Amino acid sequence: MKETILTNKKHGMPVLLLVLLLYIASIAGCIWSAIALDAGAGAPAVVVLVATIVWMSLGWIFLCGLKVLKPQEALVLTLFGKYIGTLKGEGFYYVNPFCSAVNPAAKTRLNQSGDVNGGQNGASLSINGAGQVTLSGEASGKKVSLKIMTLNNSRQKINDCLGNPVEIGIAVMWRVVDTAKAVFDVDNYKEYLSLQCDSALRNIVRIYPYDVAPNVDTTGDGVADEGSLRGSSEVVAQRIKDEIQSKVSEAGLEILEARITYLAYAPEIAAVMLQRQQASAIIDARKMIVDGAVGMVEMALERLNEKQVVNLDEERKAAMVSNLLVVLCGNRDAQPIVNSGSLY
């Protein structure tokens, strides 16, 4: 389906004024014909009376062709089932009064911004005291929003590449770029987008581990890398965006951005993974402490030898190294003990 933009249709105000003037003229003609008939006039008065009654009964049909659009709104129109074009851009339009607006997603409400209220039925045109025309009802609820909207899909539980269950949620910024494809090529473009987001998220997340893991290839080039959901969020989000875009292009939608809004281990393994992370952190900290302590001991022995402060045999050196390592690597502050006797 190819989108067709209807141009030169901004005749809403002239048509509205013309219809109102004809109604005023018909009322005046009805009064005149009644007076003329009362005065004994013939056929002309009858013709005028019939014409005015017919106009007052059917003239409202022309008001159905008046369409009001605000910025970043569109109206997809069909005439007896045939797509005739799309109105885009703010303005007061007049089209064939028998045209009907189509938007299968009008009543669909997702967890996102910009959902329209599709609960109205019928169509009405009202003029307020300031002379502003407001169109409400069926045509208003069938409008297709061209604004950038944010879809915040519900969190999903997905197994990463190591089989660990992960809960993840994304926010997708999107908009409609082809109204004909969005309305006619898919049944409901909002539900279609939501399902494609879920599918793309599952396809991408199962490629990555939650945290950096050895011997894992996340790029598909056959070489292990350090990609992970936690550490490569920008790359993961870009891949999710590209995956969604490849699926929704046929629906006339454009994906502007995708962001990970929530990422955590599933509750059933969260406690175990937390203990694992704590143990890993403790081990890394201990390694750093031991490396630093060994360096300090080496420096102390070298300085003592250089300055010839004291001569220590191998046994005393071993005792000194042991004592220094205990002091430097211990979890508690060392308690000093003064030796008042001989060192030997």
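Because the structure is predicted, anything quoted here is derived from the model rather than measured. For the numbers below, each heavy atom of this structure counts, side chains included, while hydrogens, waters and symmetry mates do not.
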Tell me every residue that passes side chain to side chain donor-acceptor pair (under 3.5 Å) with [X], counting only those two or more places apart in sequence or in another chain.
X	value
Asp225	Thr218
Asn159	none
Tyr83	Thr86

Check your understanding: Can you list every pair that meets ring-ring contact (aromatic ring centres under 6.0 Å, His included) and has a residue in residues 229-256, with sequence neighbours left out?
Key -> none
Check your understanding: Any ring-ring contact (aromatic ring centres under 6.0 Å, His included) pairs touching residues 189-228, not counting sequence neighbours?
Key -> Tyr210-Tyr265
Practice item. Determine which pairs satisfy side chain to side chain donor-acceptor pair (under 3.5 Å) with at least one residue from residues 18-32, sequence neighbours left out, and list them in order. Key: none
For [X], enumerate each residue passing the salt bridge (Lys or Arg N to Asp or Glu O under 4.0 Å) test, keeping only those at least two apart in sequence or located in another chain.
X	result
Glu243	none
Glu257	Arg259
Asp178	none
Arg175	Glu254

Point to revise | Residues that Phe98 engages under ring-ring contact (aromatic ring centres under 6.0 Å, His included), provided they are two or more places apart | key: none
Practice item. Scan residues 17-29 for pairs that pass salt bridge (Lys or Arg N to Asp or Glu O under 4.0 Å), counting only residues two or more places apart or in two chains. Key: none
